[in-house]
Amino acid sequence: MGARCVVLRFLKSPPNQNKTPEEILHHLQNIVDFGKHVMKQFFGENYVHHGEIIQLPLDFVRQLCLKIQPERPECRCDKDMDTLSGYAMCLPNLTRLQTFRFAEHRPILCIEIKPKCGFIPFSSHVSQEIKHKVCRYCMHQHLKVANGKWKRPSKYCPLDLFSGNKQRMHFALKSLLQEAQNNLKIFKNGELIYGCKDDQDCVSDWNELARHLKPFFFPSNGLVSGPHCTRTIVKELIHVITMALLSSTDTCRAGDMKTVPISQGRSYCEASAFNKELVRNGKHKLESSGLPRGCLLYKTLQAQMLDMLDIEGLYPLYSRVEQYLEEFPEERSTLQIDGPYNEAFYEKLLDLSLEDDGTVAFALTKVQQYRIAMTAKDCSIMIALSPCLQDECSEQRPVVLTSKSRFTFSVSVLDLDLKPYEGIPHQYKLDGEIVNYYLKNVQAKEDPVMSNLFKENEDCTLVLHKV
Ligand SMILES: O=P(O)(O)O[C@@H]1[C@@H](OP(=O)(O)O)[C@H](OP(=O)(O)O)[C@H](O)[C@H](OP(=O)(O)O)[C@H]1OP(=O)(O)O
Ligand SMILES: Nc1ncnc2c1ncn2[C@@H]1O[C@H](COP(=O)(O)OP(=O)(O)OP(=O)(O)O)[C@@H](O)[C@H]1O
């Protein structure tokens, strides 16, 4: 027996932007509808939890707010939690297993991954060649370290994780475990045991992690502690995450919708440390085994690929919509820019044609598809794992085996709020900044290194001649 274990989600907004309770309710309704009518179709019924709106006593909300305020990271306090409307979203706690209806008193391990964009743009609108070679995440890393968002760059490359190739996936997950940044969190029984609490403050002590994980992977002990033990446990963890990520635990309506063949564009990133290692070893072709169609990574990638034009091709279309709205502001609601996110909204997203007939309708479809893609590029995947005995596993639950234990698991996706229409100019600007920074500070510096190497060789040859 256990109580229902839920998560409450409140709206936040910049201070003094007082919204009426009706506006809050409308906003929350939009979020729920978007999950229900749109994201479920793209990601699958079982992976998406749209939640429901509830009304809470204002006194309770105020007390809750006071209680959590000291826990909120400082960098997130630019927005205030809404305590005036009493409305909130009620979601299942995804750090618990979704296959169990009620919280059970059994240990649960939960891994949250924010995988980011898993493909390299294939659009002909891309103006800088580097964007066809190096993925946005890898380029962005350099800017983030320069800006002080993170202390060290990560070796994680989303293209390795999304490759479906186990070796590349292992490398990607190991890299996430080395530098979690905001891409990886691990919870034990709902409590954060690994990853960043707030920006910069990252715990990445593998021995400590292994200590937490040992009872899960080696329940009857038998494994002495020490570096070997730590390595073995981390390996087992990476194995279960890979298996869960590749599992297909759902089907969905848009499942067979081919946004773009994955073969379009390059399947690896030149900046990936895995790729560089291969090149160093004389191998030039990275294997990408491809993802199984039913797995959440595949669905995520397909939704991300609704960004078919790249921000460079999209921005002029956004401007076309903007121009139209300036002339006919009252059309904003008919165009469903801010919802309602209903069946009609979903249907329009299915038109993948790339032939620009110069209409506002074409531009709008591309803009809305781009917003879905942006959302899918920023969502998180939650994997909940719970040890089970052999006889328990006969039920209809997915199971993953490790050398000394077995787990039932569930996979879900979260943070599926549609990215705002107004965010597009920022995307455009940021894209330029990321690419320019990379070209100026990384590529330009790498090239001299290469040419210096070359020069050294020449010098060497010269010296030999002299002798
Ligand atoms: O643009 P990106 O790729 O830096 O993504 C932003 C995220 O940064 P990241 O690169 O993951 O560290 C960023 O993550 P953090 O808040 O920095 O952890 C947000 O998720 C942001 O979304 P929003 O604007 O708050 O809705 C994200 O912005 P959107 O671009 O998705 O709107
Ligand atoms: N249903 C859930 N179950 C368990 N944990 C959750 C759930 N929803 C969110 N979380 C946790 O809370 C974190 C923040 O969630 P989310 O990004 O959806 O919040 P947000 O309102 O968008 O806040 P922010 O603006 O800070 O991103 C997630 O990364 C996850 O760790």
Side-chain angles (χ1 to χ4, degrees), residues 38 42 115-140 143 158-159 162 254 257-271 300-327 331-332 335-338 345-379 418-439 443:
V38 183
F42 283 110
K116 301 298 288 189
C117 182
F119 73 98
I120 287 197
F122 38 82
S123 162
S124 56
H125 297 275
V126 164
S127 63
Q128 304 274 16
E129 202 39 39
I130 194 75
K131 280 172 73 177
H132 289 308
K133 294 180 180 164
V134 176
C135 85
R136 157 148 158 156
Y137 181 91
C138 289
M139 281 200 259
H140 202 177
L143 187 62
L159 271 90
F162 282 95
M257 171 185 159
K258 286 184 202 69
T259 41
V260 232
I262 292 195
S263 57
Q264 245 183 313
R266 184 183 288 231
S267 60
Y268 65 93
C269 162
E270 279 188 7
T300 309
L301 190 58
Q302 286 288 307
Q304 292 182 351
M305 284 182 161
L306 281 173
D307 168 13
M308 288 175 280
L309 299 170
D310 189 73
I311 185 66
E312 294 188 61
L314 193 273
Y315 192 67
L317 299 178
Y318 164 83
S319 302
R320 189 187 299 169
V321 177
E322 266 300 275
Q323 219 169 8
Y324 179 77
L325 285 178
E326 257 167 46
E327 216 174 315
E331 284 290 292
R332 196 175 167 111
L335 295 183
Q336 287 188 287
I337 292 198
D338 317 291
F345 181 93
Y346 168 70
E347 297 283 337
K348 278 188 247 163
L349 292 169
L350 301 178
D351 181 359
L352 300 177
S353 127
L354 285 174
E355 246 163 82
D356 186 0
D357 54 4
T359 60
V360 171
F362 174 80
L364 183 68
T365 303
K366 294 300 134 194
V367 165
Q368 303 293 52
Q369 286 170 342
Y370 179 79
R371 290 172 66 197
I372 306 281
M374 285 304 299
T375 308
K377 289 179 192 182
D378 199 42
C379 67
L418 182 59
K419 294 289 175 180
Y421 167 81
E422 291 76 17
I424 291 176
H426 167 73
Q427 286 304 327
Y428 184 60
K429 194 168 150 256
L430 182 59
D431 180 73
E433 284 168 11
I434 293 172
V435 175
N436 289 335
Y437 185 87
Y438 191 84
L439 287 175
Q443 228 207 6

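All figures in this text were calculated on a predicted structure; none of them were measured in a lab. Hydrogens, waters and symmetry mates play no part in the numbers below; they use all other heavy atoms, side chains included.
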Matching residue for D431 among H426, R136, K131, H140 - test: side chain to side chain donor-acceptor pair (under 3.5 Å) =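 So the option named by the test is K131.
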Are any non-hydrogen side-chain atoms of [X] and [Y] less than 4.5 angstrom apart?
| X | Y | answer |
| --- | --- | --- |
| L364 | L317 | no |
| F162 | T300 | yes |
| M308 | Q369 | yes |
| Y346 | F42 | yes |
| Y421 | V321 | yes |
| Y318 | P425 | yes |

Regarding Q128 and Y438, is there a side-chain donor-to-acceptor distance under 3.5 Å anywhere?
-> no
Decide whether Q427 and K419 meet the rule of one side-chain donor and one side-chain acceptor closer than 3.5 Å.
-> no
L306 vs L349, side-chain contact (heavy atoms from CB on, under 4.5 Å): CA-CA, chis, key distance, verdict | CA-CA 9 Å; L306 281 173; L349 292 169; 5.7 Å; no
Does K429 come within less than 4.0 Å of E312, counting only side-chain N to carboxylate O?
-> no
Answer yes when D307 and K377 have at least one side-chain N-carboxylate O distance shorter than 4.0 Å, and no when they do not.
-> yes
Taking it one step at a time, do R320 and Q323 satisfy side-chain hydrogen bond (donor to acceptor under 3.5 Å, both in side chains)?
-> CA-CA 5 Å; R320 189 187 299 169; Q323 219 169 8; over 6 Å; no
